[in-house]
Amino acid sequence: MPYLGGEDTVRELRRALSNPNVQSDQLRYRNTILKVIRAMSQGVDVSGLFSDMVKACATVDIVQKKLVYVFLCSYAALNPELSLLVINTLRKDCQDPNPMVRSLALRNMTNLRLPSLMEYVEQPLTAGLRDRAACVRRVAVLGWAKLHNLQPNSEIDAAVVNELYSLLRDPDPVVMVNCLRALEEILKEEGGIAINKPITHHLLNRLKESDVWGQCEVLRILQRYRPQSEDELFDILSLLDASLVSPHPQVMAATLSLFLSLCSGLPAVSLAALERVRGPLLAACGSVSRELRFTALCHIQLLLRSLPGLMGAHYKRFFCGYAEPAYIKQRKMQVLVELVNDDNVTMLLDELKGYCTDVNTDTAQAAISAIGRIGRSYSDRCLEILTGLLALKQEHITSAVVQTMRDLVWVCPQCSDTVCLALEGCEETLQDSQGRQALLWLLGVYGEQVSSAPYTLEVFIDGVRSEVSLGVKMELLTTTMRLFLCRPAETQDMLGRLLHYCIEEEPDMCVRDQALLYYRLLHCGIEETQKVLQGRRSDPSLGVLIGRPSEPISQWACSFNTLEPLRQGTVETDSTISASRCTDASADVPASSIAAPLSLSLSPALSPEEFERLWLQRQVLHSEQEQIQFPAIPHCSPQSLQAAMQLVNIQTLAFTPPHTLPWRVYLYTHTQHAGDSPHITLILGELLYTGEEELKVTLKQQPRDDKALKGFLSILTTVLHTLVTQLVWFIAR
Amino acid sequence: SIKSKTFILLYMITTSTSDVDMAEIDHFMPLLMQHEEEGLLCPVLSHGSVHFMWIKHSNLYLVATTNKNANASLVYSFLYKLVEIVKIQSYTEPPQIRPMSILEEESIQDNFVVVYELLDELMDFGFPQTTDSKILQEYITQEGTKLEVAKSKVPTTVTNAVSWRSEGIKYKKNEVFIDVIESINVLVNANGSVMSSDIVGSIKLKTMLSGMPELRLGLNDRVLFALTGRDKGKTVVMEDVKFHQCVRLSRFESDRTISFIPPDGESELMSYRINTHVKPLIWIESVIEKFSHSRVEIMVKAKGQFKKQSVANNVEVRVPVPSDADSPKFKTSTGNAKYVPEKNLVVWTIKSFPGGKEFLMRAHFGLPSVEKDELEGKPPITVKFEIPYFTVSGIQVRYMKIIEKSGYQALPWVRYITQSGDYQLRTNV
């Protein structure tokens with residue numbers, strides 16, 4: 001506490017406190033004490049007045065008592081001996097006919113937090129548990145918790161614990177909830193209060209009596225209970241149902257948390273609960289308090305991990321207000337990225353585009369990278385926006401755009417042409433090292449396609465002496481090497497200069513070692529160098545398998561309704577995981593298509609109207625039905641299904657939303673046997689899931705070709721199988 | 001703990017189970033400043049294993065500290081509750097003291113004893129105890145006049161079954177004033193399409209009734225009408241309905257009856273949200289043309305899209321202008337326009353705006369020939385207004401029945417107001 005030079009003040013206050021004239025005048029006495037407290041809260045060290053204040057404690061004036069207690073509790077630890085003098089007064093107050101005085105005395109007795117006083121406190125606390133006034137019992141119950149907290153190693157008095165358990169049936173709801181809290185503290189070593197069936201049902205039946213705080217406490221502690229039978233579980237769930245849509249977001253969240261812990265073995269029930277809280281959660285997102293809005297957003301992000309489609313229709317609720325703080329805007333954008341689908345992509349991108357010019361540079365950059373993320377599935381539209389942003393020639397925007405393009409091109413190599421075109425000239429605007437590094441990487445990997453690449457590099461190399469960023473220097477070396485491999489004539493000279501500088505003059509050891517490494521590598525011959533430097537490229541055929549697979553609820557259920565979701569900076573899509581999924585999928589699919597020497601093609605494209613016409617023209621088409629065992633398919637998001645299908649040239653046309661029954665997908669493709677070109681057939685298909693074990697596949701083909709149909713079916717099965725392995729937990733349960 | 005810009009105003013005396021050292025709060029301010037500078041401000045800041053959850057209210061920071069994985073939404077709601085309660089308690093203060101209704105550093109210093117008392121009752125050992133302001137009022141003994149009474153009298157609500165109302169209240173004239181207030185939130189895109197809109201409603205009571213009256217409120221609630229099989233007239237579908245604790249929730253859940261024993265004096269009986277597409281009541285069309293290095297020309301058209309009989313009062317249309325604009329010139333078809341340079345706004349005020357009418361405002365600003373480098377955001381146009389005797393949702397109080405065992409006659413008065421909430425229209429410039 002800052003010391004504000006109050007020695008004179010203290011001296012004066014002491015004189016006043018010990019003045020008998022003041023002491024006899026109740027109002028003056030109280031005002032003097034008020035001055036002491038005022039000085040205390042302004043940071044003056046008034047601990048020297050302790051003995052005078054102890055005397056002031058013996059009064060009938062409640063206000064004065066309260067003030068003195070505030071003082072005593074702050075300084076008791078410094079004066080344990082003198083504090084003993086207070087105890088007598090406090091114990092006397094515990095007998096006062098006024099329950100307010102009794103509860104005040106009891107509370108402050110336990111707030112002194114002095115182990116030496118414990119023996120004096122226990123008796124009044126025991127009496128307090130049986131007091132006829134609820135406000136005294138409330139204090140007494142928590143008093144035991146404080147006592148135990150003060151001396152955690154002391155023996156637990158079984159009689160007190162029993163009494164606290166029996167007070168769970170106290171008519172006052174606050175006493176009941178305080179008992180839960182006290183027992184949690186006292187029995188911490190044993191894992192907290194023991195929750196059995198009678199206690200659970202008692203608490204649930206009285207839930208409505210408590211206020212919001214009490215309800216949340218009860219719901220939290222009940223998470224420990226495991227129902228003994230399925231019937232009991234469902235009884236509890238139906239009791240909780242009203243709280244699940246409680247207008248108080250705190251109660252709703254606590255109830256959901258309890259739901260999830262009770263239903264950890266019943267994923268379907270958990271998912272249904274998540275659907276139920278959608279409304280209340282959305283309402284919490286519109287809360288007046290920005291902190292509560294932020295909390296709600298963070299929790300929605302958790303839910304989306306398991307149910308990506310949960311908020312799809314409500315994307316507008318996540319649009320940012322102009323004056324909202326950056327932390328909310330950034331979370332909202334993270335949510336928006338998750339919600340994108342064919343219907344809303346235009347609106348959503350338009351909105352995000354507006355955020356890219358936000359005054360807050362972090363928000364602007366977050367918006368740009370959000371567009372990049374969406375670009376993985378809607379690359380053309382996003383690249384158009386990103387390219388447009390470069391025209392603004394704003395330093396932080398250009399930097400973010402170039403970095404975003406780098407990340408996008410790695411996942412979607414087919415974007416490289418557009419990206420390369422856009423890169424021309426943006427080196428003039430780039431200032432920060434992150435952005436320049438990204439530009440260099442792009443120039444290195446796609447140097448052939450950017451005509452001005454050597455000139456850009458030359459500028460960098462000429463300025464290498466004054467370059468401060470280590471990362472840029474390292475990237476520059478790699479880029480120059482890569483460019484040299486594809487455009488040797490233009491680059492040879494500058495590469496020589498760069499290597500010379502880095503080896504002879506560069507002070508940083510890392511850069512020097514890297515340069516030496518490249519220099520020696522060049523000695524091994526051009527082929528070896530190529531093997532090393534050009535090996536690592538993303539494979540264009542991998543395509544996009546976007547949409548994070550939905551996670552099991554158990555992954556996050558335990559952190560729901562805590563502080564944790566707020567502290568996770570960003571919910572990142574783990575790029576390594578999605579990359580490995582890409583390779584898995586592509587490894588499986590070509591294998592099967594080779595087994596059936598059949599290739600699929602999307603052209604000529606079929607419009608939805610045409611599809612519908614053909615589908616209904618039954619007689620012309622050959623039709624066949626199959627049952628496949630894939631009960632989990634309807635749980636995957638339309639995006640991931642579509643992406644996976646496109647990977648093998650099957651176009652999906654229409655979806656029912658996930659989790660609806662019956663669930664349907666329509667798709668089509670053209671088959672062609674390898675080798676003989678004339679044999680082309682059109683296949684239309686419908687996947688139907690009505691809630692049974694299997695997925696019904698109806699295929700219609702024109703003209704009829706059984707071999708091609710079989711081949712198609714095996715490809716379809718493989719794709720679905722790959723998707724299912726991502727969702728394998730659904731089946732496991 | 002409560003902390004001001006430079007020094008700690010008040011410590012919460014309560015130590016909680018998480019045993020955070022009081023000195024930890026000293027890390028809060030530097031941490032806040034550092035994060036603010038880096039643009040990484042967040043409602044949770046952490047120092048080692050200690051987390052600070054904070055809210056800001058005028059020039060005060062209210063900070064909760066924990067070293068556990070605490071329930072964040074509960075903590076924030078408690079902090080807001082704290083602000084609310086401390087403000088309400090100001091009514092008990094003698095008038096010469098700066099009122100607490102504006103909670104800020106100065107008013108805390110004037111009222112710190114009350115704040116101490118409140119904190120002590122609100123929370124014990126880190127656990128919220130009583131946060132009902134009516135009950136709290138009885139615990140607070142600050143006023144000198146209460147002193148003699150407090151010695152012998154137990155607050156009735158401490159032992160009472162109806163904790164929010166004391167017995168023995170007497171009025172000469174028994175009256176209830178019901179205010180139905182609806183705020184409309186709108187976000188309109190630059191191209192004129194309504195991105196989102198909703199209505200937040202609140203029913204407030206000022207109860208001046210003797211004894212323990214039983215009240216029943218009837219609304220044109222669609223669910224209720226469907227239950228009773230009535231379907232004449234306009235009905236309203238309410239969402240996220242929240243009630244004061246006095247309302248018997250079980251009755252509402254079973255037959256949608258809103259029955260209660262009201263708290264004495266002012267209280268909010270219920271709040272609700274209606275998530276429908278509402279036509280923006282005041283429609284704004286704007287053309288803002290920026291000629292770099294020379295001038296900005298602004299044309300704003302405001303149209304009242306509500307019934308001709310109604311009138312919007314105190315309408316304020318706030319139009320953003322570039323921060324380097326100068327030499328303003330205005331022309332309005334009604335009301336007057338004012339330039340507020342410190343907020344970079346033109347505020348066009350119209351005292352009374354009848355429904356169906358259309359008004360125009362033109363503004364002209366000069367721009368310096370040397371342009372500013374920094375990027376400026378695109379702040380939206382915001383509108384403030386108030387329309388009395390009208391609810392945008394069409395909600396109506398159909399009846400208010402008042403029954404007291406002494407059988408007195410009481411009069412209910414109803415008043416409707418629609419006002420602007422978060423009302424934003426984006427612009428192109």
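Residue numbering restarts at 1 for every chain, and letters A, B, ... go by the order of the sequence lines.
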### Part of B:Asp422 within contact of chain A (heavy atom distance under 4.5 Å)
neither
### Message
Please classify the contact of B:Val241 with chain A as side chain, backbone, both or neither, using a heavy-atom distance under 4.5 Å.
### Response
backbone
### Query
Quick one: side chain to side chain contact (heavy atoms under 4.5 Å, CB included) partners of A:Thr363, sequence neighbours excluded?
A:Ala326, A:Lys329, A:Gln330, A:Met333, A:Asp358, A:Asn360
### Task
Could you tell me which residues satisfy side chain to side chain contact (heavy atoms under 4.5 Å, CB included) with A:Leu392, sequence neighbours excluded, listed by chain and number?
A:Thr357, A:Leu389, A:Gln394, A:Ile397
Going by heavy atoms in the side chains, are [X] and [Y] under 4.5 Å from each other?
X: B:Tyr80; Y: A:Val288; result: no
X: B:Leu79; Y: A:Glu291; result: no
X: B:Lys81; Y: A:Val212; result: no
X: B:Ser77; Y: A:Trp213; result: yes

### Task
Before giving the answer on side-chain contact (heavy atoms from CB on, under 4.5 Å), spell out for A:Lys146 and B:Asp124 the whole-Å C-alpha distance, their side-chain angles and the decisive distance to 0.1 Å.
CA-CA 10 Å; A:Lys146 291 183 213 169; B:Asp124 195 5; 2.8 Å; yes
### Query
Relative to chain A, which of B:Asn189, B:Leu187, B:Leu249, B:Thr131 shows the most heavy atom pairs under 4.5 Å?
B:Thr131
### Message
Heavy-atom pairs under 4.5 Å with chain A: which of B:Gln129, B:Gln245, B:Glu253, B:Glu239 has the most?
### Response
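It is B:Gln129.
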I'd like to verify something: which residue of [options] has the highest number of heavy-atom pairs under 4.5 Å with chain B?
options: A:Arg220, A:Arg107, A:Glu351; result: A:Arg107
options: A:Val174, A:Val245, A:Ile328, A:Asn178; result: A:Asn178
options: A:Ala364, A:Ala283, A:Ser287; result: A:Ala283

### Query
Is B:Asn69 reaching over with its side chain to a backbone N or O of A:Glu564, donor-acceptor style, under 3.5 angstrom?
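Checking the backbone N and O of A:Glu564 against the side chain of B:Asn69, a donor-acceptor pair under 3.5 Å is found.
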### Task
Identify whether the distance between the nearest side-chain nitrogen and carboxylate oxygen of B:Glu121 and A:Arg138 falls below 4.0 Å.
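Judged by the 4.0 Å cut-off on N to carboxylate O distance, B:Glu121 and A:Arg138 do not form a salt bridge.
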### Query
Which bit of A:Tyr355 comes within less than 4.5 Å of chain B, counting heavy atoms only: side chain, backbone, both or neither?
side chain
### Minimum-distance pair of heavy atoms, taken over all atoms of A:Leu292 and B:Ser73
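Of all heavy-atom pairs spanning A:Leu292 and B:Ser73, the closest is CD2-O, 3.5 Å.
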